[in-house]
Protein chains: 6
Amino acid sequence: MFFHKQELQFTATPAKPDAILARRMQELLGGQYGEITIAMQYGFQAWNAHIPGKYRDLLYGIGSEEFGHVEMLAIMIAQLLEKAPVEQSEEAAKSDPVLGAIIGGMDVQHAIVAGAGARPVDSNGNPWQGSYITASGNLLADFTANANGEMQGRLQAARIYNMTDDKGVRELLSFLIARDTMHQNQWTAAAAELRAEGVEDLPVPSNFPLGQEQREVSYQYLNFSDGAAAKDGSWASGPTPDGKGEFSYHDGPTTSSPMPPPTQPDPRLFGTDP
Amino acid sequence: MFFHKQELQFTATPAKPDAILARRMQELLGGQYGEITIAMQYGFQAWNAHIPGKYRDLLYGIGSEEFGHVEMLAIMIAQLLEKAPVEQSEEAAKSDPVLGAIIGGMDVQHAIVAGAGARPVDSNGNPWQGSYITASGNLLADFTANANGEMQGRLQAARIYNMTDDKGVRELLSFLIARDTMHQNQWTAAAAELRAEGVEDLPVPSNFPLGQEQREVSYQYLNFSDGAAAKDGSWASGPTPDGKGEFSYHDGPTTSSPMPPPTQPDPRLFGTDP
Amino acid sequence: MFFHKQELQFTATPAKPDAILARRMQELLGGQYGEITIAMQYGFQAWNAHIPGKYRDLLYGIGSEEFGHVEMLAIMIAQLLEKAPVEQSEEAAKSDPVLGAIIGGMDVQHAIVAGAGARPVDSNGNPWQGSYITASGNLLADFTANANGEMQGRLQAARIYNMTDDKGVRELLSFLIARDTMHQNQWTAAAAELRAEGVEDLPVPSNFPLGQEQREVSYQYLNFSDGAAAKDGSWASGPTPDGKGEFSYHDGPTTSSPMPPPTQPDPRLFGTDP
Amino acid sequence: MFFHKQELQFTATPAKPDAILARRMQELLGGQYGEITIAMQYGFQAWNAHIPGKYRDLLYGIGSEEFGHVEMLAIMIAQLLEKAPVEQSEEAAKSDPVLGAIIGGMDVQHAIVAGAGARPVDSNGNPWQGSYITASGNLLADFTANANGEMQGRLQAARIYNMTDDKGVRELLSFLIARDTMHQNQWTAAAAELRAEGVEDLPVPSNFPLGQEQREVSYQYLNFSDGAAAKDGSWASGPTPDGKGEFSYHDGPTTSSPMPPPTQPDPRLFGTDP
Amino acid sequence: MFFHKQELQFTATPAKPDAILARRMQELLGGQYGEITIAMQYGFQAWNAHIPGKYRDLLYGIGSEEFGHVEMLAIMIAQLLEKAPVEQSEEAAKSDPVLGAIIGGMDVQHAIVAGAGARPVDSNGNPWQGSYITASGNLLADFTANANGEMQGRLQAARIYNMTDDKGVRELLSFLIARDTMHQNQWTAAAAELRAEGVEDLPVPSNFPLGQEQREVSYQYLNFSDGAAAKDGSWASGPTPDGKGEFSYHDGPTTSSPMPPPTQPDPRLFGTDP
Amino acid sequence: MFFHKQELQFTATPAKPDAILARRMQELLGGQYGEITIAMQYGFQAWNAHIPGKYRDLLYGIGSEEFGHVEMLAIMIAQLLEKAPVEQSEEAAKSDPVLGAIIGGMDVQHAIVAGAGARPVDSNGNPWQGSYITASGNLLADFTANANGEMQGRLQAARIYNMTDDKGVRELLSFLIARDTMHQNQWTAAAAELRAEGVEDLPVPSNFPLGQEQREVSYQYLNFSDGAAAKDGSWASGPTPDGKGEFSYHDGPTTSSPMPPPTQPDPRLFGTDP
Ligand SMILES: [Ca+2]
Ligand SMILES: [Ca+2]
Ligand SMILES: [Ca+2]
Ligand SMILES: [Ca+2]
Ligand SMILES: [Ca+2]
Ligand SMILES: [Ca+2]
């Protein structure tokens, strides 16, 4: 169960209205790596978790914080839009170049659809979608997805930080960025702990019998391009991170098989057949 | 530039037709973490890369291999469908329970749309989409995304391995799973190398000045749920993986701010105002 | 069957070209609550209707009008685009700030994809989709959806009305807005008539036996937030609109159940298990 | 801010595993009118609200309950899937017709992608998307959308109730259905209260000056089909629900305008011109 | 304007209920090449047309017929679903293998969402979307798109024809297939007429000055694979269909350019830079 | 298998940065008819082909070239973005009208998500999707789809050519446009060759027995609108392109059938029934 409190985790009031910035902030709210993604991802991972205890409590513990981040961003965006201009004709743009920039740079659905409110979309107006999230039931895979999510999220927030000098927005971003720092560290620690405790290991899933994979090619770097520098990486020689092999480097494939003949399905499918 | 050779990297011929399995294999071809995602993700990361040399060559080197994996799966699926039954009425199901299972378990668009061919969709028929991929220009973030991609991909292939006993399909899967083992190790090694060389570091992006984030909350675990076990994790005390702080544990938020008053936009937006 | 007449229901010619406005008008054509949604929704409701007579005739009667609204908007948009500028470089923007606004504010696919024509998309360029419509087979539910559709549609048209002073566009909008007035009234009347005639009633679906729902919680307002003002609403005490109960107010849930233990699926799904 | 408690509002444990039912339940979780839609819709309406007090508190108060409904359904689905069969070949179907039904009737991504977990998708596997929700800033329009949402949701739950005889699932459904009863009544009451208090009225938006619409056609029923029964409805004669007019009935349009000539855009758009 | 008549162009009543077939028929209604696509495509081409007269009248003339095809299919699907079974549990499947096939083979949203009605989706339940259609303003390009649309549509209808022996469905299909025959011929004739009249020609767009393209490579077949048989086609030597050149055959590219160095964007975008 | 070479087929370096143009170029990369569509379409057609030899070799031969076009565009876009401005506030727009145009005209996700890199989306930021492609297994249908693809693609490139005077971009476009000229001619020739060789013919699919379609209506032009000029086209009289009939012209339908009565599904679906 979730309970709501009419407070925010941090101050979320802009210094001044800015419809262009409101649109950019939508990426952090409803984008591929926005807060809706993060909140829903931790939620589904918790609901699908198979072991009780610290890992599941971790997912519940921060998942709920993330729904609060969704709220903070939505409220910030609504405030950035509060005084958005309504006159948006070419005529109006003529007299004011900043208005011209706003007309072009804002999300028009902020005005037409939401009446100056936040929306569950990204900065290009693409609706948020369930396929942004990952919840596989395998915790090492999913914590790696979470680490990635927090990295991409912090990266995007940092970029937007430099697109504005609005003090209020920067304060909120500095808070969210700090939380992303925490969560990057946290998922990195949690992934390491899964391996240290032997709960899960590389290669994921670690309980798939290695004897069932083609071990000959399990540690071969195969170069399908003509750049040779990849040979110098730690992925081309030496021991592998999973502790189970040695990398080797190869120019092109080490295996090959003739292409099977074209298929010839039932003629009642009316394909073009011989 | 890409060049094509009419050979496959590995044998990809099923023992027998199986339309149900063909549908499942679509996940590995056109799903969120299917080979199209992997190939396109490495491609865009290479095209957007900012530094020449081993990291970019790595992306080019295996990106092209992954387009070949797309091909192997497409050809396997076409063969699994080659003898798919065309009579698919309830009437026909009456006389043959296996046909009933096939009618229900196959992807109907395999027959109607593709005439027994592979499609750029997942196992539920959702079209592949560009929002599955990640290419941010930040290599540590992206290599983490790649490691996750190879983990989810190997996990799904392993699951499908156990859903069939078709020898040909299992052989192909055992090959792809081995390559996923390689690529999990490779991206883990490459991410570590980025950090070791100081090219990029935690928290990502490492060149965003830490002084611009709210450092007070950068290492606090905030528990927004009522499960207490998360306190025992390595993310709740001790040094942080980025080497820049100490984790601490807190029940609930350590900061709070009153919710701003509701916004009151221009009346010409016809919202419901006071 | 549908028959077409090369006339419009109302004048639809703008006073002058305006590519920015053309983009905004797309919301009314191909948005979530645009005319394509309205036309297709009434169509599918008619085709799925279960009772002959006035309700179905109503759906057929105005559904066809709505396809004509689609046409009026498409033709208006094409005219707004007729003289859209083709030079759209940064260079060109330098010399003319209005051109700069147009470059930013127009839908670029209007030029690149449609050659100055209308498109089946919303004002952010999202393609219209079938999931915008509702046709459940239950008329009270669907007429409520229709009333909502006409409300959202009129609201959006009114907002756009104030974004332009183009006389021709305003005339068309004043006509469409008047028709939305009619249709809001009409669906409200039709929903009331369904209840008055006993064809359908609250709660929808009215023929689901009330004894099969947990009647204890059927009229409880449960407050999961900390704002107390909701207690003052007519939904927190007094008789209920369905005439079958009394509202009551409660702080938080009145029921609770322990969370079930985590699931432990088949190990061959390779989740992270205990 | 949101806080989580590791309890459920109601019991959510199935009597037995049932992968087919798990798929159907996805509609109530991640469908167009599933609990994710309802929760997010109330959330965005609250964040975008313009007046403090009972209406906004109402949105906050039940929005948070709905996130708990999301959780209950996710947990129920995971349990229905807990013992989902992993062997899913045609071969296996041969020996067991029920397995054949399961192979066809289950959501294959439940196994392949989520490892027997719930997913943010509908019963056909379409990802949930932001365009399902409505939050316009106009409360009468939005409360009508909410009433519709609760009607469609209760209707779907009632249908699924009759597709199963699983005692645990039916219990959960009987609870959710009762809550939908409450919420249908609640939004109906709240919409009436908005009108009674003069905060908003028909036609929505009520503060758009009626003089700006083409009043001649504001109450005309125009029959664009050849069914005559719609003439008998309360929408074809008598006073209108908004209290501002009289309905009238007309066969076909009462207005007409010649179609404008085809547009002739810039030749550099390379359309086919005269 | 569109007017509706409560008649169908052809008989559309199935011999018996068949929920599996109803799902397949959705492809013809709401698929990539279904009737909604065809109707909307001709509509938008007409509304975007630049020349009055026979070509535009042609688009209007058959566009309206296609909306009637949408209706015929929707009504056929509703009838196929009229007696769809409601008991759909695993339990029920146990006693009846045909029911098992139906549970797997039907579109579950037909029952849960539409209450045994048609939906604007394809045979996998993907919602119809605006990006299926093509209306570029260039008639030769668009008529080619139309010819393709009628070919794919007839192909799919022919495939479904062989998936059923329901007499009523086959009759409807035989009618729609005949109309597709007409429309394939019609668009082929119309495309030829455009060229014969010099209104438009190959290469499309014919009014783009040929001198602005790299004429050296305008008729070169470049073989980027290792199959040599393509050399034997009429596209590898001899005069070209546009009457403006001669085909030639080349193994691989005839031009090449060094890859530009990696980009180095502003450091405030926090990419991984040298 | 695919092999990559770190060279481009043609020079792809812009004269100067231009974020607005970068956005427009996305249409050619990731739009409905962009290079990703073309490359994937030829790929899937090859993998699904049923006859070995020249037609399949053709698909392989140019499919691989098209993946190189994807790469050229991605690299061009990254270069156009290399110096994209990071300061993007309203404040900044005030001092520089060109910056205002850029803020409005660029794709904001280029900066926020990709850090000045290309993305798999169209010029409105819609993600590329698998439903853009066509691969039916019927070569005459598919080659017609391919001809259309190359026409729409060349048309869009020609439009963008006139939106810029950047010498580098125009050079790349002049190359891609020339290749589109080749490919339009090539698919036209290949389609003719299929017919000449009797491999496939009009109407597609040619092996569906004509006796199974309603031949009475196979060559009738039925005018469902009131424009009479379509009577003058070659599609209204004379021999048909398939060589199997004579066109005839009719005002309106030549067939008609009464609409079936409304359906009455199982009451447990809770539709509104009589
Ligand atoms: Ca966050
Ligand atoms: Ca792979
Ligand atoms: Ca309308
Ligand atoms: Ca609920
Ligand atoms: Ca048709
Ligand atoms: Ca190309």
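Throughout, protein chains are lettered first and strands after them, A, B, ... in sequence-line order, and every chain is numbered starting at 1. What you see below is based on every heavy atom in this structure, not just the backbone, and it leaves out hydrogens, waters and symmetry mates.
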Has [X] got a side-chain atom pairing as donor or acceptor with [Y]'s backbone, closer than 3.5 angstrom?
X	Y	value
B:T255	A:Q9	yes
A:K83	B:Q264	yes
A:N185	B:D242	yes
A:E193	B:S234	yes

Of the backbone (N, CA, C, O) and the side chain (C-beta and beyond), which part of [X] lies under 4.5 Å from a heavy atom of chain B, both, or neither?
X	answer
A:Q184	side chain
A:T13	side chain
A:A228	backbone
A:D142	both
A:L210	side chain
A:E216	neither
A:A12	backbone
A:I133	backbone
A:Q32	side chain
A:I177	both
A:Q156	neither
A:R159	side chain

Against chain B, work out which of [options] has the most heavy-atom pairs shorter than 4.5 Å and name it.
options	answer
A:Q129, A:K5, A:R56	A:Q129
A:L176, A:L269, A:L58	A:L58
A:Y60, A:Y161, A:F3	A:Y161
A:D232, A:L222, A:L202, A:T11	A:L222
A:Y33, A:F67, A:F2	A:Y33
A:N223, A:D180, A:V204	A:V204

Aromatic ring pairing B:Y55/A:W235, orientation class (parallel under 30°, perpendicular over 60°, tilted between) |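 Correct class here is tilted.
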Search all heavy atoms of [X] against all heavy atoms of [Y] and return the closest pair with its distance.
X	Y	value
A:S256	B:E7	OG-OE1, 2.6 Å
B:P265	A:G115	CG-O, 3.7 Å
A:T188	B:P241	CG2-CB, 3.8 Å
A:P205	B:A158	CG-CB, 4.1 Å
A:P260	B:L8	CD-CD1, 3.6 Å
B:D57	A:A230	CB-N, 3.8 Å

Starting from the C-alpha separation in whole Å, work towards a yes-or-no answer on side-chain contact (heavy atoms from CB on, under 4.5 Å) for B:T144 and A:T144.
-> CA-CA 7 Å; B:T144 306; A:T144 306; 4.2 Å; yes
For B:F247, is it the side chain, the backbone, both or neither that has a heavy atom under 4.5 Å from a heavy atom of chain A?
->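 For B:F247, side-chain heavy atoms alone lie under 4.5 Å from chain A.
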Passing candidate, side-chain hydrogen bond (donor to acceptor under 3.5 Å, both in side chains) with B:S174, options A:R215, A:Q212, A:Q214 |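 Exactly one pass, corresponding to A:Q214.
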Which one wins on heavy-atom pair count under 4.5 Å against chain A: [options]?
options	value
B:S136, B:A116, B:A196, B:P253	B:S136
B:P258, B:S131, B:G53, B:G117	B:S131
B:L59, B:N148, B:L173	B:N148
B:G245, B:A157, B:G252, B:G233	B:G233
B:S64, B:A114, B:G271	B:S64
B:G68, B:A145, B:P52	B:A145

To the nearest 0.5 angstrom, please state how far the [atom1] atom of [X] sits from the [atom2] atom of [Y].
X	Y	atom1	atom2	value
B:T263	A:I77	OG1	CD1	12.0 Å
A:S257	B:F175	OG	CZ	10.0 Å
B:E82	A:D266	CD	CG	11.0 Å

Around B:K231, counting heavy atoms of other residues, nucleotides and ligands shown, do more than 12 lie under 6.0 Å from its NZ?
->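 Count not over threshold, so no.
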Could you walk me through whether A:N138 and B:M151 pass side-chain contact (heavy atoms from CB on, under 4.5 Å), step by step?
-> CA-CA 9 Å; A:N138 184 292; B:M151 287 178 191; over 6 Å; no
Intermediate values then yes/no, side-chain contact (heavy atoms from CB on, under 4.5 Å), A:R179 and B:Q220 = CA-CA 8 Å; A:R179 295 308 292 154; B:Q220 295 181 342; 4.0 Å; yes
Side chains of A:T134 and B:Q152: do they bring a donor and an acceptor to under 3.5 Å?
->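 Per modelled atom types, A:T134 and B:Q152 side chains form no pair under 3.5 Å.
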Intermediate values then yes/no, side-chain contact (heavy atoms from CB on, under 4.5 Å), B:Y221 and A:I62 = CA-CA 8 Å; B:Y221 178 82; A:I62 75 156; 3.6 Å; yes
